[in-house]
J.: 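What follows is a single structure, and I will ask about it in a moment.
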Amino acid sequence: MDARAEHDALRGLLAAIEEPARAAALPSDAGVIALARRHRLTPLLSSLEGAALPPSLAALARKDRIATTARNLMFAEVAAEASRALLADGVDVIVLKGLAYEATLYGKNGCRPTSDVDLLVPGEKRRTAFATLDRLGYEPRAAAPGFDEPDYHEVAWNRNGVELDLHLGLAPTARCTVDYAAVWSARVPFDLPGVKVSRLADEHAAAFHALHMAIDHFDVPALSLVDLSRLLPDAAATARARATARAWRVSRPLETALSLTAVFLPAWAATSAEPSPRKTCRSERIVGSYGGLARLPRAQQLRRKLEHFDHGTDAVRYLVVQARRNVRELWERRFKKRSARDRLALPPRVP
């Protein structure tokens with residue numbers, strides 16, 4: 001398929017998610033199946049009530065949903081174990097993204113894939129949280145330049161091939177102005193197996209979601225659009241998310257995310273996107289090229305990143321900080337060659 005055909009095929013897949021009766025008309029050629037998988041839609045397609053998928057697509061979607069169910073159950077147990085240990089050490093926990101989405105936005109097992117565990121803890125508890133994960137047998141990973149710096153927002157940990165992303169913040173501190181006092185005070189109770197934790201309030205989750213779509217240059221699976229539509233089920237919720245985005249200085253990411261979602265999920269837009277997303281040249285370019293199998297070229301990634309800062313000063317500050325971190329990372333790799341454990345000042349492992 002060419003880019004235009006991929007764009008149209010994706011709209012057809014999402015139309016079936018909005019109106020399951022349309023699923024029977026979906027083509028099931030290899031290109032459409034590849035597109036559905038690239039956009040992480042097959043488990044959700046399999047879960048639709050009243051959807052008569054073509055046989056080959058139905059079989060693959062059912063297989064993907066079974067695999068997703070097993071993985072998500074495993075991730076939930078991992079998150080529960082880590083959360084119990086963190087809470088016991090006096091560290092509050094908010095579950096982010098996939099695990100929280102499946103339970104609260106979809107309500108069915110195995111329909112919302114996730115690839116890791118994302119937990120948010122208070123930034124001032126970073127050393128305690130590091131010690132907790134270290135005690136549980138996790139190893140830190142140098143996933144990004146500056147991961148070991150005190151103001152970095154996320155550290156990736158791995159144990160037996162399972163990744164746990166420990167978030168000390170929702171975004172790079174130089175990128176925007178997240179109100180963490182509001183985030184923690186507005187959090188909502190959330191249950192993991194055998195432990196009670198929290199999730200983000202919907203308006204905070206929507207602003208966070210849109211920001212990370214922008215950080216990923218909007219080269220994201222279409223499942224992200226479905227997530228956003230369910231985070232913002234009505235016009236009032238959209239208005240609250242816009243107010244949050246303005247306060248956090250992430251209005252541009254949210255408006256582009258809303259524009260994408262409105263085009264590809266028009267039934268949602270008719271009831272939930274009022275007032276209509278503000279069309280801009282940057283959002284129109286992204287909407288027009290969205291939906292294919294090809295990855296976004298590096299030059300376009302950089303352009304999209306720079307276009308989605310609310311203020312020029314935010315972009316300059318972010319670029320300066322990232323440049324310094326990149327230079328430091330080159331120095332670390334070439335001359336110091338310290339392990340991730342050493343860089344986080346963790347004690348040596350006892351054999």
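Everything numeric in this text was worked out from a predicted model, so none of it was measured. We use all heavy atoms of the structure for the numbers below, so side chains are in, but hydrogens, waters and symmetry mates are not.
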J.: For His209 and Ala205, indicate whether the former's side chain and the latter's backbone hold a donor-acceptor pair under 3.5 Å.
T.: no

J.: Can you check salt bridge (charged side-chain N to carboxylate O under 4.0 Å, His left out) on Arg325 and Glu329, steps first, answer last?
T.: CA-CA 6 Å; Arg325 284 177 171 157; Glu329 192 68 25; over 6 Å; no

J.: In plain terms, say whether Glu255 and Arg282 are close enough for a salt bridge, that is, a side-chain N and a carboxylate O under 4.0 Å apart.
T.: no

J.: Hey, what's the ring geometry for Phe264 with Tyr290, parallel, tilted or perpendicular (30° and 60° as the breaks)?
T.: perpendicular

J.: Between Arg349 and Asp134, is there a donor-acceptor pair closer than 3.5 Å when you use the side chain of the first and the backbone of the second?
T.: yes

J.: Grouping I, L, V, M, F, W and Y whenever their side-chain heavy atoms are under 4.5 Å apart, do Leu225 and Val32 come out in a common cluster?
T.: yes

J.: Heavy atoms, side chains only, cut-off 4.5 Å: are Val121 and Leu168 in contact?
T.: yes

J.: State, to 0.1 Å, how close Ala171 and Leu211 come at their nearest heavy-atom pair, and which atoms those are.
T.: CB-CD2, 3.3 Å

J.: Are the side chains of Lys336 and Asp342 in touch, meaning some heavy atoms are under 4.5 Å apart?
T.: no

J.: Can you tell me if Arg112 uses its side chain to pair, donor with acceptor, with the backbone of Glu102 under 3.5 Å?
T.: no

J.: Check whether any side-chain heavy atom of Val183 lies under 4.5 Å from a side-chain heavy atom of Ile94, and answer yes or no.
T.: yes

J.: Closest heavy-atom contact between Ala257 and Phe218?
T.: N-CE2, 3.8 Å

J.: Which heavy-atom pair separates Leu10 from Gly291 by the least distance, and what is that distance?
T.: CD2-CA, 3.5 Å

J.: If we ignore angles and hydrogens, is there a donor and acceptor under 3.5 Å between the side chains of Gln301 and Arg298?
T.: yes

J.: Show, in sequence, the C-alpha distance, side-chain angles and deciding distance for Leu44 and Ile17, and conclude whether the side-chain contact (heavy atoms from CB on, under 4.5 Å) test is met.
T.: CA-CA 8 Å; Leu44 181 55; Ile17 288 171; 3.8 Å; yes

J.: Run the side-chain contact (heavy atoms from CB on, under 4.5 Å) check on Lys97 and Asp165 step by step: do they pass?
T.: CA-CA 11 Å; Lys97 299 193 273 190; Asp165 285 345; 5.6 Å; no

J.: Could you check if a side-chain atom of Ile66 sits within less than 4.5 angstrom of a side-chain atom of Ser46, using non-hydrogen atoms only?
T.: no

J.: Mark yes or no for whether Glu203, through its side chain, and Thr244, through its backbone, hold a donor-acceptor pair below 3.5 Å.
T.: no

J.: Measure the CG-CG distance between Asp202 and Leu231 for me, rounded to the nearest 0.5 Å.
T.: 6.0 Å

J.: Could you pull out the closest heavy-atom pair between Ala201 and Val188, with the gap in Å?
T.: CA-CG2, 4.0 Å

J.: Does the side-chain contact (heavy atoms from CB on, under 4.5 Å) test come out yes or no for Leu53 and Leu48, once each step is laid out?
T.: CA-CA 9 Å; Leu53 295 170; Leu48 297 177; 5.8 Å; no

J.: Using every non-hydrogen atom in the two residues, find where Val93 and Leu87 come nearest and quote the distance to one decimal.
T.: N-CD2, 4.3 Å

J.: Take a 6.0 Å sphere around CZ of Arg333 and say whether it holds more than 12 heavy atoms from other residues, nucleotides or ligands.
T.: no

J.: Regarding Arg249 and the six-membered ring of Phe309, is the cationic atom NZ or CZ under 6.0 Å from the ring centre and inside 45° of its axis?
T.: no

J.: If hydrophobic clusters are built from ILVMFWY residues whose side chains come within less than 4.5 Å, do Leu105 and Leu265 share one?
T.: yes

J.: Under 4.5 Å between side-chain heavy atoms, counting indirect links through other Ile/Leu/Val/Met/Phe/Trp/Tyr residues: same cluster for Val178 and Leu166 or not?
T.: no

J.: Can you check whether Pro122's main-chain N or O pairs, donor with acceptor, with Tyr180's side chain at less than 3.5 Å?
T.: no

J.: Within a strict 4.5 Å, meaning less than it, do heavy atoms of the Leu170 and Cys176 side chains meet?
T.: no

J.: Is the shortest heavy-atom distance from the side chain of Arg175 to the side chain of His153 under 4.5 Å?
T.: no

J.: Just by modelled atom types, is the Lys196 backbone N or O under 3.5 Å from a matching donor or acceptor in the Ser83 side chain?
T.: no

J.: State whether the side chain of Thr256 and the backbone N or O of Pro253 hold a donor-acceptor pair below 3.5 Å, judged by distance alone.
T.: no

J.: Restricting to non-hydrogen atoms, name the atom on Gly98 and the atom on Thr114 that form the minimum distance, rounded to 0.1 Å.
T.: CA-OG1, 3.8 Å

J.: Within a strict 4.5 Å, meaning less than it, do heavy atoms of the Trp157 and Val162 side chains meet?
T.: no

J.: Please report the interatomic distance OG(Ser251) to NE2(His308), rounded to the nearest 0.5 Å.
T.: 11.5 Å

J.: Could you tell me whether Arg38 and Glu6 make a salt bridge, using a distance below 4.0 angstrom between a side-chain N and a carboxylate O?
T.: no

J.: Does the side-chain contact (heavy atoms from CB on, under 4.5 Å) test come out yes or no for Leu45 and Leu13, once each step is laid out?
T.: CA-CA 8 Å; Leu45 287 168; Leu13 288 165; 4.0 Å; yes

J.: For the CG atom of Leu35 and the NE2 atom of His7, what is their distance to the nearest 0.5 Å?
T.: 11.0 Å

J.: Treating Arg252 as the side-chain partner and Glu307 as the backbone partner, does any N or O pair qualify as donor plus acceptor under 3.5 Å?
T.: yes

J.: Taking the side chain as every heavy atom from C-beta outward, state whether Leu14 and His39 have any atom pair closer than 4.5 Å.
T.: no

J.: Is there a chain of hydrophobic side chains (I, L, V, M, F, W, Y, each step under 4.5 Å between heavy atoms) that links Tyr318 to Phe147?
T.: no

J.: To the closest 0.5 Å, what do you measure between OH (Tyr101) and CG (Asn72)?
T.: 14.0 Å

J.: Do Leu223 and Leu57 share a hydrophobic cluster, counting only Ile, Leu, Val, Met, Phe, Trp and Tyr and linking them when any side-chain heavy atoms are less than 4.5 Å apart?
T.: yes

J.: Supply the atom-to-atom distance Asp148 CG to Arg341 CZ, rounded to the nearest 0.5 angstrom.
T.: 14.0 Å

J.: Taking the side chain from Glu332 and the backbone from Arg338, do they hold a donor-acceptor pair closer than 3.5 Å?
T.: no

J.: Have a look at Asp89 and tell me which of Arg84, Arg127, Lys125, Arg135 forms a salt bridge (Lys or Arg N to Asp or Glu O under 4.0 Å) with it.
T.: Arg135

J.: Drop me the distance from Arg317's CZ to Thr173's OG1, to the nearest 0.5 angstrom.
T.: 8.5 Å

J.: Is a side-chain donor or acceptor of Trp268 paired with a backbone partner of Ser229 at a separation under 3.5 angstrom?
T.: yes

J.: Measure up the Trp248 and His204 rings against each other and bin them: parallel (under 30°), tilted (30 to 60°), perpendicular (over 60°).
T.: parallel

J.: Aromatic rings His212 and Phe208: how do their planes relate, parallel, tilted or perpendicular, breaks at 30° and 60°?
T.: perpendicular

